[in-house]
There are 2 protein chains.
Amino acid sequence: MPKLVDHEERRAHIIDALLRTAAETGLHAVTMRSVATEAGVSVRLVQYYFDTKEQLLLAALTRLAARMGERVRDRVRTVGPSPAPRDIVEAVLLEAVPTDEESRTFHLVYTAYAVLAVTDPALAGQPFLAAPNEMEDFLVGQLAAAQRTGQSDPRLDARQEAVVLLAVSAGLGLSVLLGQRTAQDAAAVLRYHLGRLFPERR
Amino acid sequence: MPKLVDHEERRAHIIDALLRTAAETGLHAVTMRSVATEAGVSVRLVQYYFDTKEQLLLAALTRLAARMGERVRDRVRTVGPSPAPRDIVEAVLLEAVPTDEESRTFHLVYTAYAVLAVTDPALAGQPFLAAPNEMEDFLVGQLAAAQRTGQSDPRLDARQEAVVLLAVSAGLGLSVLLGQRTAQDAAAVLRYHLGRLFPERR
DNA sequence: GTTTTTATGGTACAAACATACCATCAAACG
DNA sequence: CGTTTGATGGTATGTTTGTACCATAAAAAC
C-alpha cells in the first residue's frame with residue numbers, strides 16, 4: 001500500500017471544498033470538476049472517496065448538519081455561568097443569523113439544500129425535520145422554566161411561542177442572506193422580540 | 001403572416017409551464033426541453049418567444065412576483081367591509097402560508113429563485129427587496145393605526161413588530177413548504193401571535 | 001523479493017444541454 | 001398574384017456533465 005492516508009480527513013477536506021464552491025457559485029452549479037479543482041485534487045480522487053455525486057452531496061449535507069449542531073452547542077456553552085433561560089434562548093436563536101463568513105456559508109448552503117430536498121427524493125427530509133423539532137422541544141422547555149420562575153408570563157402558550165421564535169429566527173436569517181437586512185439589524189429585532197417574551201422586572 | 005398570435009398569451013402559457021415543472025422537479029432541473037414539453041410546444045418556440053434561457057427565467061420571475069402581488073391585493077379586498085387592522089394584517093400574512101396548490105407552487109419556486117439570486121448575479125435582487133420593504137411599510141401603517149385606535153398597545157415599536165411579523169410569516173411558510181408543519185398549524189400559530197399583538201378587549 | 005493492496009492520475013464516453021441554423025407554411029400586403 | 005413576413009418544426013453543433021475504464025507508483029504482507 002502507499003501512503004495509507006486518513007480517509008475521514010480526506011473526505012472532510014473535499015466536502016469543505018464543496019461547501020466553499022456551493023457558497024460562491026450556488027449549490028446547483030456544483031460539479032465534480034469544480035469541487036476537485038477547489039480541493040486541489042483530481043476528479044478521480046473525488047470519485048474514489050465518494051463514489052457518485054449524489055453520495056458526495058449527501059455526505060456534505062450530513063457534515064453540514066453536524067457542524068450546525070456543534071455551533072449551537074458551542075454558543076450555549078459560552079453563554080456564561082448560571083444563565084437565565086432568556087440568555088440561552090437568545091444564544092440559540094442568534095445562531096440562525098449569519099454573522100461571520102462561515103455562518104453565512106453554512107446557512108446559504110443549508111437553505112439551498114432545504115429547497116432542493118422539497119423536490120429531490122434522494123435527499124430525505126431527515127435533517128430538515130429532526131433538528132428543528134428537537135430545537136422546538138428545547139425551546140418549549142426553556143420557556144416553561146422561565147414561566148415557572150416568573151421570568152415570563154405564565155399565561156403564554158410555550159409551545160406556540162417556541163414555534164414563533166423558530167419562525168422569526170429562520171425568517172430573519174433568510175432576510176440577512178438575501179441582503180435585505182444586516183445581521184446587526186436582525187439581531188436587534190430578535191432581541192426586541194425576546195424583550196417582549198421576557199419582560200424586564202423593575 | 002400566418003395566424004398572427006397573441007404574443008403575451010403565448011409567453012404566459014410557456015411561463016406557466018415553467019412554473020409547473022419547476023414546482024415538480026425543482027428550479028435547477030428546469031430545461032428548455034422540459035418547459036417545451038410541458039407547454040406542449042417545440043423547443044424552437046420557446047426560443048422564439050424568449051431568446052435565451054436566462055431571459056425565460058427572468059420573465060418567469062417577473063410574472064411570479066406580479067402574481068404574488070395580485071394574490072395579496074385580492075386577499076385584502078375580500079376581507080369584508082370596514083375591516084380592523086388586525087383583519088387586514090392577518091389576511092396579508094396568511095398569503096405567505098401555502099395552502100392551495102397554486103400558492104404552494106408560487107412559494108416554492110419563489111424561494112428557489114431567492115436562493116438562486118444570492119449567488120447568480122443575473123438575477124438582480126430587485127423583486128426580493130422592493131416587495132418586502134413595501135410590505136413592511138404597509139404593516140407599520142396598519143400597526144400604527146391600531147395603536148391610535150386602542151386596538152394595540154401604544155408602547156410597542158410598530159417598525160420592529162412589523163419586521164417580526166414578516167419574519168414569522170416567512171419562517172412559517174418555509175416550514176410548511178418543507179413539510180414540517182401543515183398549513184393549518186402554521187395559520188394557527190400566526191393567529192396566536194396576532195392575538196398577542198392585538199389583545200381582545202373584554 | 002515477489003505479490004497483493006491502496007491511492008492516485010489521466011482519459012475516454014455517452015448523455016444532456018443551450019443555442020444556432022435551415023426549412024416551410026400560411027396569412028397579409030401591395 | 002406574387003412577395004414579404006410572422007410563426008413554427010426539425011436538426012446540427014459545440015460544450016459540459018457524471019461516470020467508467022486503464023494505468024501506475026508505492027507501501028505493506030508474506
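A, B, ... follow the sequence lines: proteins, then strands. Residue 1 opens every chain.
- Qualifying side-chain contact (heavy atoms from CB on, under 4.5 Å) partners for B/Arg196, counting only residues two or more places apart in sequence or in other chains: A/Leu156, A/Glu161, A/Arg196, A/Leu197, B/Tyr192.
- For C/dT6, neither phosphate oxygen OP1 nor OP2 lies less than 4.0 angstrom from any side-chain nitrogen or oxygen of A/His7.
- For residues 42-51 of chain A, proximity to DNA chain D is found at A/Val43, A/Arg44, A/Gln47, defined as any non-hydrogen atom under 4.0 angstrom from a strand atom.
- In terms of phosphate contacts, B/Thr52 brings no side-chain nitrogen or oxygen within less than 4.0 Å of OP1 or OP2 of C/dA18.
- One can place CZ of B/Arg33 at 6 Å from C1' of C/dA16, the figure rounded to the nearest angstrom.
- Residue pairs meeting the side chain to side chain donor-acceptor pair (under 3.5 Å) criterion with at least one partner in residues 60-69 of chain A, sequence neighbours excluded, are A/Asp16-A/Arg63, A/Arg67-A/Glu70, A/Arg67-A/Glu102.
- C/dA18 atom P lies 9 Å from atom CG of B/Leu57, rounded to whole Å.
- Here C/dT19 presents its P atom at 10 Å from CG of B/Leu56, a figure rounded to the nearest Å.
- Rounding to whole angstrom units, NE2 of residue A/His13 and P of C/dT8 are separated by 12 Å.
- With hydrogens and angles disregarded, no donor-acceptor distance shorter than 3.5 Å links the side chain of A/Thr25 to the backbone of A/Ala22.
- Atom-to-atom, CD of A/Glu8 to P of C/dA7 comes out at 12 Å; the value is rounded to the nearest Å.
- A straight line from CE of B/Met32 to C1' of C/dA16 spans 14 Å, rounded to a whole angstrom.
- Defined by atom type and a distance below 3.5 Å, a donor-acceptor pair is missing between the side-chain atoms of A/Thr52 and A/Glu54.
- We find that NZ of B/Lys53 is positioned 17 Å from C1' of C/dA20, with the value rounded to whole Å.
- By the 4.5 Å heavy-atom criterion applied to side chains, A/Arg191 and A/Arg86 are counted as neighbours.
- At the phosphate of D/dT16, neither OP1 nor OP2 sits under 4.0 Å from any side-chain N or O atom of A/Thr31.
- Residues B/Thr99 and B/Val176 are not in side-chain contact: their nearest non-hydrogen atoms beyond the backbone lie 4.5 Å or more apart.
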